[in-house]
Number of protein chains: 2
Amino acid sequence: MATIGDVAREAGVSPSTVSYVLSGKRAISAETARRVNEAIARLDYTVHLGARALRTARTMTLGVVLRFHHAEFEPAMATYLVALADAAREAGYSLQLITDEDAAAAVGRAVREQRVDGLLLLDVLEDDPRLEPLRRSPFPAVLVGMPPDPGPADAVDLDFAAAAELLVEHLADRGHERATLVRWAPEVYAAGHTFALRFARAAHARAAERGLALVDHDSPTTPEAVRADLADLLGGDDRPSALLVHNDAAAAMLPTVLHDLGLRAGEDVAVVSLHSARLASFFAIPFTSVESAPGRVARGAVELLTSRLDAAAGAPARRLVVPELVDRGSGTGPARATPGR
Amino acid sequence: MATIGDVAREAGVSPSTVSYVLSGKRAISAETARRVNEAIARLDYTVHLGARALRTARTMTLGVVLRFHHAEFEPAMATYLVALADAAREAGYSLQLITDEDAAAAVGRAVREQRVDGLLLLDVLEDDPRLEPLRRSPFPAVLVGMPPDPGPADAVDLDFAAAAELLVEHLADRGHERATLVRWAPEVYAAGHTFALRFARAAHARAAERGLALVDHDSPTTPEAVRADLADLLGGDDRPSALLVHNDAAAAMLPTVLHDLGLRAGEDVAVVSLHSARLASFFAIPFTSVESAPGRVARGAVELLTSRLDAAAGAPARRLVVPELVDRGSGTGPARATPGR
DNA sequence: CTGAAAGCGCTTACAG
DNA sequence: CTGAAAGCGCTTACAG
């Protein structure tokens, strides 16, 4: 592999001149630039990123810290990683995957080993152990999630509260007086997933304001169990008239369950949901929904982090991505809850 | 951040001695070792991985080259990444995500920039553009997939041929004389996905041997269309008596479609499938299947790559992971195809 | 058993 | 407009 010294020799200049040609940080005569560029092409030279990183103290690498083994519904994770990798590359950074049973230790290690310039923490909990090492010795980091106390880190996420409000309003506007909130499994709330808690809190608050009686329904953990549970919920005599679904597995299973029971969303039971557009495509989910926009969130996270790296100063940033409702007509029905009343 | 020089000063020894204490590569007196270790603890010293990498010419990083934007069925991708990240970490390596519209260029760049010690290529095609830069200047790489000519790279994958044979045998043993192969969309074969081609070829070969008339059925591209297509296929008068499914979207949609039509797998129509256990769990797929074992494949890939890095010599390795059939009873029926005949 | 020195491949003050 | 030199933080022959 050719080095900058090889190029310098080939072009008959000094290594520093080659470096300056590459960086454009000082004026170079046309003739010298030409010779250097030819030498670079002839030797197929590419800068050694590790050497540059050592010298500049910038790795141009971002670390993404996953909680893979706790993923509530893994298919969604891939979507975030695509978007993060794309955004990082466009900003000139590589992306390193950081996974460990002991995520807090992994964060501390990555920082101390100076492998990355900054961290992206996915799926942040209200009291997330990964935040502890960041509080002890601040390091550029962006949380995806919005814990009550993010500490010195920046944070970005979908505005789950706004999403809940949109969906509650949608139901209330269509005359519903009661609805069932199909929640995640209880352990999701117990673990402190901010997306789940923020949604649930805002949904109840807005429902109270609008006079909508909102009843919690806890889901079980596995997709199979979720399916059986939904069949139970909807198969009885006291079937809910409206479902507000915040649980990807439930949203994925619900079309099947409804069909099994001979029910139609938007007629026999109103269904509105929060899930990603991608998930909707894989699972053919046809409900009125707020789309969780992992692409926009991931892109926002990388933007926040790279601008933090360019200018370390400034108060921690908090950015909420505004959600949008896509009306697929499943928010109405059954007949006794008529629109407009 | 403390450096090895700081530790040396604190312990009253030379930097080289600190390095040797860390590496264990030469004998150190107990007293010196104690002083050094205390200094390390006092200063909270961690080796700077970039500096070590520059000196040793080993980054201890593996690159995983995805074709995310072409993923036929993205949910499966996350599963591979989990397993790769775990296996890499256990072997002492970091994992870097390499994504680009132009995957071949991305591979070339990663190699020339010397950011990684080796590459893992996911979802390899028969004539994969990412192989070109590796042929031109060989670099340690493991393909996940089994193209006809992997070149100098190692390769590992599920034995899709064996999987097809297991499923064909399963149907033949149960007395089926004809079956329909529910394939991926035609573009999957046209693009040259080795998993699809190897499965299809082996299925037809073994079917011919066993006197099973196997008819191809091309699926459309999107999950929604797959669902409609299956409804068409199974709703007509000339409904197939047995389905051999190699298409994750079809496997995911099929339970719903069967239910819509009032058909039962294993009674009205035999169904056997190839898909991952994880997928089965997310989609509640109840068919007799060969499980595609992404965990074992990913682990094998990292093993192959790290042992190649430890000992560069030796012919390219080819490793096929033996698939296992899980009998969920859906391989029998309808009645006219009775077991044992 | 330990240290001084060289060098991995860069970038950037310093000097002209 | 260009070059010589220092140094980023390590590891490892070389020497004793």
Side-chain angles (χ1 to χ4, degrees), chain A residues 1-40 43-61 92 94 109-117, chain B residues 1-40 43-61 92 94 109-117:
Chain A
M1 213 63 72
T3 71
I4 199 169
D6 299 331
V7 174
R9 207 170 309 117
E10 177 86 6
V13 299
S14 73
S16 58
T17 296
V18 176
S19 177
Y20 283 117
V21 169
L22 251 28
S23 69
K25 285 190 182 172
R26 79 177 178 193
I28 304 279
S29 77
E31 165 62 11
T32 301
R34 189 186 56 73
R35 289 224 310 281
V36 168
N37 284 319
E38 280 177 15
I40 287 173
L43 299 180
D44 197 25
Y45 169 73
T46 307
V47 70
H48 186 299
L49 286 188
R52 173 181 283 173
L54 180 59
R55 173 61 223 230
T56 60
R58 294 261 270 159
T59 62
M60 298 310 284
T61 300
S94 299
R109 207 173 333 113
V111 169
R112 292 151 39 87
E113 293 176 345
Q114 298 171 70
R115 284 192 280 135
V116 298
D117 293 332
Chain B
M1 214 63 72
T3 71
I4 199 169
D6 298 332
V7 173
R9 207 171 309 115
E10 177 87 5
V13 300
S14 74
S16 57
T17 297
V18 177
S19 177
Y20 283 118
V21 169
L22 251 28
S23 69
K25 285 190 181 172
R26 79 178 179 194
I28 303 280
S29 77
E31 165 61 9
T32 300
R34 190 186 55 74
R35 289 223 312 281
V36 168
N37 284 319
E38 280 178 14
I40 286 172
L43 299 180
D44 197 23
Y45 169 74
T46 307
V47 69
H48 185 299
L49 286 189
R52 173 181 285 174
L54 180 59
R55 172 62 224 229
T56 59
R58 295 260 270 160
T59 62
M60 298 309 284
T61 301
S94 297
R109 206 171 335 111
V111 169
R112 293 149 41 84
E113 292 176 346
Q114 298 171 68
R115 284 192 279 136
V116 298
D117 293 332

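Computation of the quantities below employed the complete heavy-atom set of this structure, encompassing side-chain atoms and omitting hydrogens, waters and symmetry-equivalent molecules. Residue numbers begin at 1 in each chain, while the letters A, B, ... track the order of the sequences.
When both pairing distances are held under 3.5 Å, D:dT2 makes a Watson-Crick or G-U pair with C:dA15.
A pairwise comparison of heavy atoms in B:V36 and B:V7 identifies O-CG1, 4.2 Å as the closest pair. Between B:R115 and A:L49 the shortest heavy-atom distance is CD-CD1, 3.2 Å. The shortest heavy-atom contact between A:R26 and A:T17 is NH2-OG1, 4.5 Å. For B:Y20 against B:I28, the heavy-atom pair with the smallest separation is CB-CD1, 4.0 Å.
In this structure, the nucleotide among C:dT11, C:dT12, C:dC8 sitting nearest to the side chain of A:Y20 is C:dT12. Looking at the side chain of A:A51, the nearest of the listed nucleotides C:dA13, C:dC10, C:dT2 is C:dC10. The side chain of B:R55 approaches D:dT12 more closely than any other nucleotide in the set C:dT11, C:dG9, D:dT12. Distances from the side chain of B:S29 to the nucleotides D:dG3, C:dT2, C:dC10 place C:dT2 closest. The side chain of B:S14 lies closest to C:dA4, out of C:dT11, C:dA4, C:dA6.
Here C:dT12 presents its P atom at 13 Å from CD1 of A:I28, a figure rounded to the nearest Å. To the nearest angstrom, C1' of C:dT2 lies 14 Å from CD of B:E31. Between the CZ atom of B:R9 and the P atom of D:dG9 there is a distance of 11 Å, rounded to whole Å. Distance B:R52 CZ to D:dC8 P: 19 Å, rounded to the nearest Å. Protein atom CG of B:L49 is 16 Å distant from nucleotide atom C1' of C:dC8, rounded to whole Å. Remark: P of C:dG9 and CD of B:E113 are 16 Å apart, rounded to the nearest angstrom. Between B:L54 atom CG and D:dG9 atom P the separation is 12 Å, expressed in whole Å. For the pair B:I4 CD1 and C:dA4 P, the interatomic distance rounds to 14 Å; values are reported in whole Å.
For C:dA4, the base has a donor-acceptor partner in the side chain of B:S16 [N/O atoms by modelled type, under 3.5 angstrom]. Counting atom types as modelled, B:R26 pairs a side-chain N or O with a base atom of C:dT2 as donor and acceptor under 3.5 Å.
At a threshold of 4.0 angstrom between heavy atoms, the contacts of B:S23 with the nucleic acid are absent. Here A:T56 lies in heavy-atom contact (under 4.0 Å) with sugar-phosphate atoms only. Among the heavy atoms of the strands lying under 4.0 Å from A:T3 are primed sugar atoms or P, OP1, OP2 only; no base atom is included.
Taking the side chain as every heavy atom from C-beta outward, B:V21 and B:V13 never approach each other to under 4.5 Å.
If you find the closest nucleotide of DNA chain C to A:K25 and to B:V13, the one lying nearer the 5' end belongs to B:V13.
The pair B:E38-B:R35 fails the salt-bridge criterion, with no side-chain N (NZ, NE, NH1 or NH2) lying under 4.0 Å from an Asp/Glu carboxylate O.
Here B:T17 does not reach the OP1 or OP2 of C:dC1: none of its side-chain N or O atoms lies under 4.0 Å away.
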